[in-house]
2 protein chains.
Amino acid sequence: MAEKGPSRQRRGRPRQAEVARLAGVSQTTVSLVLGGNKQGIALHEDTRARVLAAARELGYVPDPAARRLAAARNNLLGVFSFTATFPTAVEHSYYPILVGVEQEAAAQGYDLVLFTGSSPGGAQAGDPGALNRVRLADGCLFLGRHVPDDQLRKLVVDGYPAVHIGRRDELEGLAWVGADYVAASAEVVRRLSALGHRRIVLVREDDDAPASTDREHGFRTALAECAGPRAADDPSAVVRTTHPADDITPGWVRDRLAQGVTAFVAEETDSGAAWRALHTAVAAAGLDAPDDLSLALLGSPPADLAAARPPTGFDIPRAELGAAAVRMLTAQLSGEEHTEPLVACGFRAGSTAGPPPGRTG
Amino acid sequence: MAEKGPSRQRRGRPRQAEVARLAGVSQTTVSLVLGGNKQGIALHEDTRARVLAAARELGYVPDPAARRLAAARNNLLGVFSFTATFPTAVEHSYYPILVGVEQEAAAQGYDLVLFTGSSPGGAQAGDPGALNRVRLADGCLFLGRHVPDDQLRKLVVDGYPAVHIGRRDELEGLAWVGADYVAASAEVVRRLSALGHRRIVLVREDDDAPASTDREHGFRTALAECAGPRAADDPSAVVRTTHPADDITPGWVRDRLAQGVTAFVAEETDSGAAWRALHTAVAAAGLDAPDDLSLALLGSPPADLAAARPPTGFDIPRAELGAAAVRMLTAQLSGEEHTEPLVACGFRAGSTAGPPPGRTG
DNA sequence: TTGTAGGCGTTATCAA
DNA sequence: TTGATAACGCCTACAA
C-alpha cells in the first residue's frame, strides 16, 4: 500500500536549522526573529536582517504541525453535528449557522474541523466513543438536538471546551448559545396588541423542545401584559398540533374568529408544519391576511412559502448565532468565561398583520 | 489578550503515556496497538485489549500535529477556499461540492479541515504564507478561481499533495478535477441537431474562464460535425454578452429567428445572467419554447428559475466532482498518480427543446 | 544580545 | 512480544 514510497513529502522544505546555518546564527535566534519576538527580547538589527534574508533566500515557511505541537494548541475548532454536516435536506437549518461560524472562526484565526456523527474511525451512532474524536480540536461546537447527553457530559466534565448551539440547560456545566425566543415571541404579541388585537391564538407543535417552550412562554408572558392574566391562562390560547396538522382546518379558523379571535401566531419548526397548516387553512376558508385576520410567524417562513407575502414575525439571526457560539468557545479557550448566551431576534414587520377588522388602527 | 492565563488548555487531553500507565504497558506499545500495528508486529491479545480499553476509558485521541510531525500523516484532508467556504450568496456556494467531498472523505477514513482563506494569523490576502496552514493536513483541496498562483505553486513544487477543483491547466504540475463541459456541451448540440436544428446560437458571458471556453469549444465542435464547418466558424453562432445582458432583447431574438436560427443555447454561470436574459427576452417576445423555438442551458438553472419548466441541457454533478477530487487526492497520498480528472455531466432532457417549427420530428 | 537544552506527542528503529 | 531511545520542527526558559 505505498508504504515505502516517496512519502515524507516534506523533502526539500528548509527548516529553521538551515536558515540558522546560512545566517550564521543559532536555530533559537531564527525562531526568535521569525516568531515575531513576542517576549520583546532585544536583538541586533543586523542579526535580524541576516536571518530574514536567509529565510527569504531559502523560501522558508514554518511547519504548522511543529508549531502547533510546541504551542500545545492547534487553532482548530470542531463542529459536530450528529447528522451529516452537509445533509441534503437540513440544508436550510444548519447552513446559515455555519456561515457565521466560519466567519467568526476565521476572524479569530481558527480553522474548522467538521465531524459528522456518522463518520468513520468507528464512530457510528451507537458508538459510545463517537464524540471523542472531537478532542482533536482545541474546542468544539455542537449542533442539533440529538447529541447524546452522556458522551457530551463526559467531555464537559473532563474540562473539554464545548459549546452547544441551541439552549441546553439540562446538561449542567455545558455552555450554550441560543436565540432569544422568549423575548422575540413576546415582542410579536406586543406588536399585535398595539394594533388592537386582544384575542390571539398560538399554534405550536406538540413537542417539548426548548425552542417551542420558549416561544410559548414569551407568548403567554406578553399576553398577560397586554390582555390580562385571564387571557394568558386561557388554555385555548395555545393549540398543540401534530405533524401533519390535520386539526388546523378552515372550519377551525372560522370557529375561532367567531369566538372573537382576531390574530393567529404559529411557531417555526423544521418542518414548518404549523405555519403551513395555518396558511393553508386560512386560504381555504377564503380569508385573507391582514384584512380578515392577522397572522404572525415566530421565525422565518419555509423556503417554499418564502415567495408568498412576507409574514409578520421575527427572524432568527442564524449567522449571528454561529458567530456567538464561536465567541463563547474562544472565550473558554482563553480562560475567560461565558459571554452572552442569548442572541436577539429582529422583529420583521412583514405584511400579514394589521388592525383587527372593523377597527381603525 | 489572554496571553498568560491558564493557557496550555490541553489540560485533560489524554496522551499515549497516560494510556500506557493505565494499561500497565509502555508508551511504545500503546502507539503500536493504536496505530493499527502497520508493521505486522505480533502482540498479545491481552495487551491489545488492555490498551484499547484504557484508551477508550480515557477518551484518547491522537494529536494530529504530533502525528503529522512524526509520521508525516494524520488522516486529515484540507479544504481551502480563498473566499468563504460558506458564502452568503447561495448561488456561489460550494455546498453541493462539499457534500461529495465529505462523503468520499468519510468513506476513505479522512476527516476534513476547513481552511478559510481570509483568516488572520497574519493570513490576509496579501500574506505570502496564507496557504501554508494547509500543510497541517495530509493533502488539500482547493476551491475557487482566486487561489493565488504563486503560493499554490510553492506547495506543488514542494511535493505537497494538492488537487484543484475546476480545470486549472496553467499551473504546471497541479492536479485538478473538473466537469467535462466540452463533451456535455457537444452532446446538447447533437441532441438539438438530431431534432432537426441546424442554425443554433450560443449565448455566453464575456469572460475567459475555462468553464466558458470549454463550453464554447464543445459547442463549436459539435456544430461542425452536425452542420458543417461553415456553421461552426460563423462568428454569429456565438454571442458574448455582458452582465446585465442588455443586448439580449426580444427584438434580437426575433431577428435571429428571421435569419433562420431555430435554437438558442446559453451557458450557466454564477449569475445565471445569460440564461435569465434569454428566458426573459423570449417570453417578452411572446414566444414559447419548445413550440416557437428551442432553448437549452449548458448547466443547471438558477434557483429562482428552477420552478419554471426544466430546461433541456445538462447537469453538473457537483457532488461527484467533490468525490472525484477526494479520490484524486488520496491517490496522490498513496503514491499512485492521477485518476480521471474529468467528470461527465448527465444530459437533461428537460422540456424546452423540440423539433424546429414547421417540421415533423 | 545570543546560544544551550529540554520538551510538545507520535512514530519508528533497534535491542532486550 | 515489549520497551528504550532517537528523531520530527519548533518554542521557551534559562544560561552565557
Side-chain angles (χ1 to χ4, degrees), chain A residues 3-4 7-21 23-51 55 58 60-76 135-136 138, chain B residues 3-4 7-21 23-51 55 58 60-76 129 132-133 135-136 138 158:
Chain A
E3 185 81 335
K4 210 49 181 317
S7 70
R8 245 166 166 62
Q9 48 72 227
R10 174 185 65 344
R11 250 177 324 185
R13 219 132 79 71
R15 2 176 190 199
Q16 286 189 344
E18 311 183 18
V19 176
R21 208 171 307 141
V25 299
S26 82
Q27 184 259 350
T28 306
T29 306
V30 175
S31 173
L32 216 56
V33 173
L34 267 34
N37 191 6
K38 303 288 186 191
Q39 34 265 293
I41 293 182
L43 22 82
H44 259 303
E45 190 46 48
D46 249 23
T47 321
R48 208 183 121 72
R50 273 213 316 285
V51 170
L58 262 41
Y60 170 83
V61 283
D63 181 333
R67 200 204 266 290
R68 288 169 183 193
L69 181 57
R73 62 182 303 163
N74 51 32
N75 272 20
L76 254 30
R135 299 180 115 113
L136 180 152
D138 286 341
Chain B
E3 185 83 331
K4 207 54 183 314
S7 72
R8 249 169 163 56
Q9 49 68 235
R10 181 183 59 345
R11 251 178 319 191
R13 203 126 99 73
R15 354 171 194 196
Q16 286 189 345
E18 311 183 17
V19 176
R21 208 171 308 142
V25 299
S26 82
Q27 183 262 353
T28 307
T29 305
V30 174
S31 173
L32 215 57
V33 172
L34 266 34
N37 192 5
K38 302 290 183 190
Q39 35 263 295
I41 294 181
L43 20 83
H44 258 303
E45 190 46 48
D46 250 20
T47 320
R48 206 182 122 71
R50 273 212 317 283
V51 170
L58 261 40
Y60 169 82
V61 195
D63 181 324
R67 207 206 247 299
R68 176 129 184 91
L69 188 57
R73 69 177 300 154
N74 55 17
N75 271 22
L76 250 32
N132 227 44
R133 291 165 19 250
R135 300 182 114 116
L136 176 68
D138 289 342
D158 283 356

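Order of the sequence lines sets the chain letters (A, B, ...), proteins ahead of strands, with each chain counted from 1.
Rounded to whole Å, the distance from CG on A/Asn74 to P on D/dC10 is 17 Å. Atom pair B/Asp138:CG and C/dT11:C1' shows a separation of 14 Å (rounding to whole Å applied). Separating the CG atom of A/Asp63 from the P atom of D/dC10 is a distance of 6 Å, rounded to the nearest angstrom. One interatomic measurement links the two molecules: CZ of B/Arg133 to P of D/dG9, which rounds to 21 Å at whole-angstrom precision. The distance between atom CZ of B/Arg21 and atom C1' of D/dG3, rounded to the nearest whole Å, is 16 Å. If you take CG of B/Leu69 and C1' of C/dC8, they are 9 Å apart, rounded to a whole angstrom. When the C1' atom of C/dT2 is taken as reference, atom CZ of A/Arg50 falls 11 Å away, rounded to whole Å. Taking atom CZ on A/Arg15 and atom P on D/dC11, their separation rounds to 15 Å, with Å as the unit.
When the side chain to side chain donor-acceptor pair (under 3.5 Å) test is applied to B/Thr28, no partner is found at least two apart in sequence or on another chain. In this view, B/Arg67 satisfies the salt bridge (Lys or Arg N to Asp or Glu O under 4.0 Å) rule with no residue, not counting sequence neighbours. With sequence neighbours excluded, the residues that form a side-chain contact (heavy atoms from CB on, under 4.5 Å) with B/Asn75 are B/Arg73, B/Tyr110, B/Asp138.
The pair A/Arg21-A/Glu18 fails the salt-bridge criterion, with no side-chain N (NZ, NE, NH1 or NH2) lying under 4.0 Å from an Asp/Glu carboxylate O.
The heavy-atom pair separating A/Pro64 from B/Arg135 by the smallest distance is CG-CB, 3.7 Å. The heavy-atom pair separating B/Tyr60 from B/Gln16 by the smallest distance is OH-CG, 3.2 Å. Across A/Ala65 and B/Ala65, no two heavy atoms sit closer than the pair O-CB, 3.5 Å.
B/Gln16 comes within 4.0 angstrom of a base, heavy atoms only. Backbone-only contact: A/Val25 has heavy atoms under 4.0 Å from sugar-phosphate atoms and none from a base. Across all strands shown, B/Val61 has heavy atoms under 4.0 Å from sugar-phosphate atoms exclusively, and none from any base.
For the atom pair CZ (A/Arg68) and CG (A/Leu76), the distance works out to 5.5 Å, reported to the nearest 0.5 Å.
Of the possible donor and acceptor atoms, one in the side chain of A/Arg50 sits under 3.5 Å from a partner among the backbone N and O of A/Ala23.
Taking 4.0 angstrom as the limit, A/Thr29 places none of its side-chain polar atoms (N or O) nearer than this to OP1 or OP2 of C/dT2. Distances shown here put every side-chain N or O of A/Arg67 at or beyond 4.0 Å from the OP1 or OP2 atom of D/dC10.
Nearer to the 5' terminus of DNA chain D, by closest-nucleotide assignment, is the contact made by B/Ser26 (compared with the other of A/Ala17 and B/Ser26).
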Please write out the pairs of protein N or O atoms and N or O atoms of nucleotides 13-16 of chain D separated by less than 3.5 Å, giving the distance to one decimal.
none

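Summary for the helix from C/dT1-D/dA16 to C/dA16-D/dT1: the axes at its two ends, each from 5 pairs, differ by 40° when rounded to the nearest 10 degrees.
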